[in-house]
Every structure is written in structure tokens, then in C-alpha cells.
**Student:** 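I'd like to ask some things about the structure below.
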Amino acid sequence: MELPHYPPLQRSDIVAWLRETSEARLEELWRRADLVRQQSVGGEVHLRGLIEISNHCIRLCGYCGLRVDHRELPRYRMTADEIMACVQEGVAFGYGSVVLQAGEDPRILADWMADVVRRIKADSPMAVTLSLGERDYDELALWRAAGADRYLLRFETSNRELFERIHPPHPGRVSDRIAILGTLRRLGYEVGSGVMIGIPGQSFDDLAGDLELFRALNLDMIGVGPFLMHPETPLADPQQQSVAAPGEQVPASELMTYKVIALARLLCPRANIPSTTALATLNKNSGRELGLVRGANIVMPNLTPPKYRVHYEIYPNKACIQESAGLCHQCMEVRIKSIGRTRGSGRGDSPNYVAR
Ligand code: 5AD
Ligand code: FES
């Protein structure tokens, strides 16, 4: 199958796609994204086992249910043995990697985390992905040396003013996620980032800028999902919500999420792109599948023990929150088969990273 040649997308083309309403034209976008996905990363869908290792967080992100001042939320931090039990479950399911995710939790000590990474690497063939927020250079370097393969840190929005509005500064710290992504790259990590779609105040031009930044950063992994309002956060308060000018505000919709997935695929052909839980939350029936046929090639079944996962409530009504690891596993297998794709084998490194 020859890939038709399309001229590189400019900012104005991206904005036009984001504003596109014609179903026939959108069919063309889905078709192109699916073709580029097949050509660039193939038909395999890789499974990443997600382990939400701590829901403690010291930050005050305006959208996130784990923010420090959400006092009603019961907090947990998994032990190393509990994490290893989840890892073994992932091995039994044949997953190529695990993602260890947490709020920004300074009591996840650097040495402890490095030990956990070493244990996983010693006991399994899996790639280890960390998603632990904005951490110091020394910690990121230590974990890389311990064997961590990948790191996920979404920049959330490329609009600096909007970023600052929804990320109050932490005393003594400047948030510069773009700089951290550069550090991760230099340390030899496979680097992932992404954004939320439809943040109050996010314009079409902002979102097009996000997509251009994916390309400029040459990301190995790109995770995007709709903004979902959490009632216990400032962004749920209409008084505090500033929306973009009339006609400029990006909707936090299912359709907009597919557009961003498809455009991310066209801009970064060899990146690994998941069909995310936030998308599945908007359409529990077929959100995951539609993401996979419109550019995505990854799913992230949840391995977190049910007693903890109910408390990892970054937004309400999260898909999979009541399921067990076994159920999520079966569910994903059925969904992958239903669209005629196959499960990936091996670690599923991003061809972008491998080429580098
Ligand atoms: N709605 C949608 N996505 C959210 N995230 C955090 N809070 C929300 C929310 N309310 C996303 C952020 C973060 C990722 C782990 O989850 O993009 O980086
Ligand atoms: Fe968790 Fe479908 S993946 S229930």
C-alpha cells in the first residue's frame, strides 16, 4: 500500500480541520489517519498495564480531582509488594509494558522508586513507563539509570498564559514542562506528552498550537483526552471559569478528541498514540474502538487493585473504575478483535524512538 503524499499541515490547515463540520470531509480525515497509522506503526494494538501507585498530590491543578485541597478524597500509596503483584498480573496477561502513574507525591522517594523499577526490570521483560509529574533532574536521571524506559508528562496546553491560570505555582518551583521533556529526551527516555481538549479558555488556535508542538518536540508518545469537569475543582466553578471568545472556545467533545487523535497521527506518524480512558468515559460503548480506527494504536488497561482505583478519581464517572484487572483485560481483547486488529507482542517501542 503506497502512502499518498500530502503536503505538511500548516497552522491554518490544522485550525480548519478542528473547525470542520462536514461528515464527508471528516470521513476523509479518519481515512487518512487510519492509513498513516497502518503504514507507520502497523496494525498491532499494544497494551500497557496502568498501575496508579499513589493518589497523593501536593499540587493545585485547577481541573484535577487529586489536587491537594480535595480533602474528602481518601488517599493511598501502594507498597512495593502490591505494585509487584500488579506487575505479575500484567506479565500473565502478556503486556509489553507497565505505566506507573501517581499524583505529584514527594513521598514517593527517589531511591524507593528506583528500587521498584529495578525489581520490575529484574522480574519481567516489560518496558517500564513512569508518569509521576514534574520531578527533579536527579530523580529522573536515577530512575533512568535504574532501567526506566519511558516517561509521560503532558504539557496540557501550549498557551503559557492558560497553563499558568490552571496550574498555580508551587512555592519555590517554576513549572517548565517543555524543559523537563527536553531533559527526559537527553536522558534517553522514550518521551510522551499530550494535552486536554476543551479546557475552559482554550481556543482553536491554542489547540492547533498544541498539535504543532507535538511535531516540534518529535514526541514518541502522545496522549490526549477531553477535559472532564470535576465538581470539587476550581474549573467547575462558573465564577472562575473564563472561556475563550465567542466562537473560539474548543468544545470538550468526543468528536473534537477524534480530530486531535487523527491530526496527531498525521503530524507525528510514528508516535505511539493511545485511545484514552477519558475518551472512553465520554463514549463507554465505542470510544476506545473509534479512537483506534482514527489514528490510535495503544490501549491502557487498568491493573490498579479495585480498592485503590476507585480513589484515583482525576475526573468523575471514569471508565473502568469498577472493573478488575481481569475484566479490563478481557474487555480490551474483545474490543481489539471487534475492529479486526491484533494484539501487539513485545514491548511496543515507538518506531520514532527506535529510529533515533
Ligand atoms: N479531565 C480530563 N483529563 C484530566 N486529567 C487530569 N484531570 C483531568 C480532567 N478533569 C489528565 C491530565 C493529566 C492526565 C494524567 O490526566 O491531562 O496529565
Ligand atoms: Fe476496563 Fe473495558 S477496559 S472495562
Side-chain angles (χ1 to χ4, degrees), residues 48 50-70 73 98-105 108 129-135 150-159 162-163 165-168 175 177-178 180-181 184 191-202 206-207 210-211 213-214 217 219 221-237 240-241 250-254 256-257 260-261 264 273-284 287 291 298 300 302 304 309 311-321:
R48 320 294 195 203
L50 176 65
I51 312 177
E52 296 153 332
I53 64 174
S54 161
N55 72 347
H56 287 269
C57 189
I58 55 167
R59 306 296 293 259
L60 282 164
C61 300
Y63 45 87
C64 182
L66 304 190
R67 65 204 307 274
V68 64
D69 70 352
H70 185 198
L73 181 70
V98 277
V99 179
L100 308 184
Q101 191 175 76
E104 215 163 285
D105 178 5
I108 293 183
T129 304
L130 301 178
S131 178
L132 304 172
E134 298 171 17
R135 305 287 304 222
R150 308 175 182 154
Y151 203 97
L152 302 174
L153 180 67
R154 292 190 181 179
F155 60 77
E156 315 293 1
T157 170
S158 57
N159 175 334
L162 177 58
F163 182 91
R165 201 183 318 149
I166 61 177
H167 298 99
S175 275
R177 296 193 177 186
I178 307 301
I180 298 175
L181 293 170
L184 292 165
V191 179
S193 192
V195 298
M196 282 179 294
I197 296 156
I199 305 166
Q202 182 186 50
D206 291 336
L207 186 53
D210 298 347
L211 282 153
L213 189 51
F214 295 163
L217 291 170
L219 293 174
M221 303 173 282
I222 301 171
V224 299
F227 161 71
L228 299 163
M229 196 180 284
H230 191 300
E232 300 304 319
T233 62
L235 282 190
D237 176 358
Q240 288 201 42
Q241 266 205 31
V250 172
S253 67
E254 189 187 346
M256 194 59 63
T257 305
V260 175
I261 290 175
I273 301 179
S275 188
T276 56
T277 304
L279 171 59
T281 298
L282 281 189
N283 178 352
K284 293 197 162 98
I298 302 284
M300 296 171 63
N302 199 318
T304 313
R309 85 167 68 173
H311 300 311
Y312 203 84
E313 201 198 40
I314 52 187
Y315 47 77
N317 301 314
K318 201 170 153 208
C320 305
I321 201 125

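Everything numeric here is computed off the predicted structure, so don't read it as measured data. In each ligand, atom 1 is the first atom listed, and ligand 1 is the first ligand listed.
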**Student:** Look at Lys318 together with Glu52 and state whether they make a salt bridge at an N to O cut-off of under 4.0 Å.
**Tutor:**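 Salt bridge: yes.
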**Student:** So which bit of Arg154 gets within less than 4.0 Å of ligand 1, heavy atoms only: side chain, backbone, both or neither?
**Tutor:**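 The side chain, only.
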**Student:** Which protein non-hydrogen atom lies closest to atom 9 (C) of ligand 1, naming both residue and atom, and how far is it?
**Tutor:**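 Closest protein heavy atom to atom 9 (C) of ligand 1: Leu228 O, 3.4 Å.
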**Student:** Strictly below 4.0 Å, N to O, side chains only: are Arg135 and Glu104 in salt-bridge contact?
**Tutor:**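 Looking at Arg135 and Glu104, the cut-off is not met.
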**Student:** At their closest point, which heavy atom of Ile53 faces which heavy atom of Leu132, and how far apart are they?
**Tutor:**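 Smallest heavy-atom distance, with atoms named: CD1-CD2, 4.0 Å.
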**Student:** Taking distance alone, with no angle check, do Phe227 and ligand 1 share an N/O pair under 3.5 Å?
**Tutor:**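 There is no such contact.
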**Student:** Do the ring centers of His167 and Tyr63 come within less than 6.0 Å of each other?
**Tutor:**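 Yes, the ring centres sit under 6.0 Å apart.
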**Student:** Please identify which atoms of ligand 1 are closer than 4.0 Å to at least one heavy atom of Glu156.
**Tutor:**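 Those of ligand 1 that fall under 4.0 Å from Glu156 are 12 (C), 13 (C), 17 (O), 18 (O).
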**Student:** Classify the contact between Ser131 and ligand 1 as side chain, backbone, both or neither, using a heavy-atom distance cut-off of under 4.0 Å.
**Tutor:**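 Looking at Ser131 and ligand 1, no heavy atom falls under 4.0 Å.
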**Student:** In terms of residue, atom name and distance, what is the protein heavy atom nearest to atom 7 (N) of ligand 1?
**Tutor:**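 So the nearest neighbour among protein heavy atoms is Tyr63 CD1, 3.2 Å.
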**Student:** Tell me the contacting part of Met229 for ligand 1: side chain, backbone, both, or neither, using a 4.0 Å heavy-atom threshold, strictly below.
**Tutor:**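 Contact part for Met229 vs ligand 1: neither.
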**Student:** Before giving the answer on side-chain contact (heavy atoms from CB on, under 4.5 Å), spell out for Glu134 and Ser175 the whole-Å C-alpha distance, their side-chain angles and the decisive distance to 0.1 Å.
**Tutor:** CA-CA 8 Å; Glu134 298 171 17; Ser175 275; 2.9 Å; yes
**Student:** Starting from atom 16 (O) of ligand 1, locate the nearest protein heavy atom and write down its residue, its atom name and how far away it is, to 0.1 Å.
**Tutor:**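 Checked against all protein heavy atoms, atom 16 (O) of ligand 1 sits closest to Ile314 CD1, 3.6 Å.
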**Student:** Could Arg67 and Glu232 be called an ion pair, given the rule that one side-chain N must be under 4.0 Å from one carboxylate O?
**Tutor:**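 No, this pair does not count.
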**Student:** Are side-chain N/O atoms of Gln202 and Thr157 paired as donor and acceptor at under 3.5 Å?
**Tutor:**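 No, no side-chain donor-acceptor pair sits under 3.5 Å.
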**Student:** Which residue supplies the protein heavy atom nearest to atom 15 (C) of ligand 1, what is that atom called, and how far is it?
**Tutor:**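 Minimum-distance protein heavy atom for atom 15 (C) of ligand 1 reads Gln101 NE2, 3.9 Å.
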**Student:** Nearest 0.5 Å, please: how far is CG in Leu130 from CG in Leu184?
**Tutor:**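 Here the rounded value is 9.5 Å.
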**Student:** Could you check atom 4 (C) of ligand 1 against the protein and tell me its nearest heavy-atom contact, residue, atom and distance included?
**Tutor:**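 The protein heavy atom lying closest is Met196 SD, 3.4 Å.
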**Student:** Starting from atom 2 (C) of ligand 1, what is the nearest protein heavy atom, named by residue and atom, and what distance separates them?
**Tutor:**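 That would be Pro226 O, 3.2 Å.
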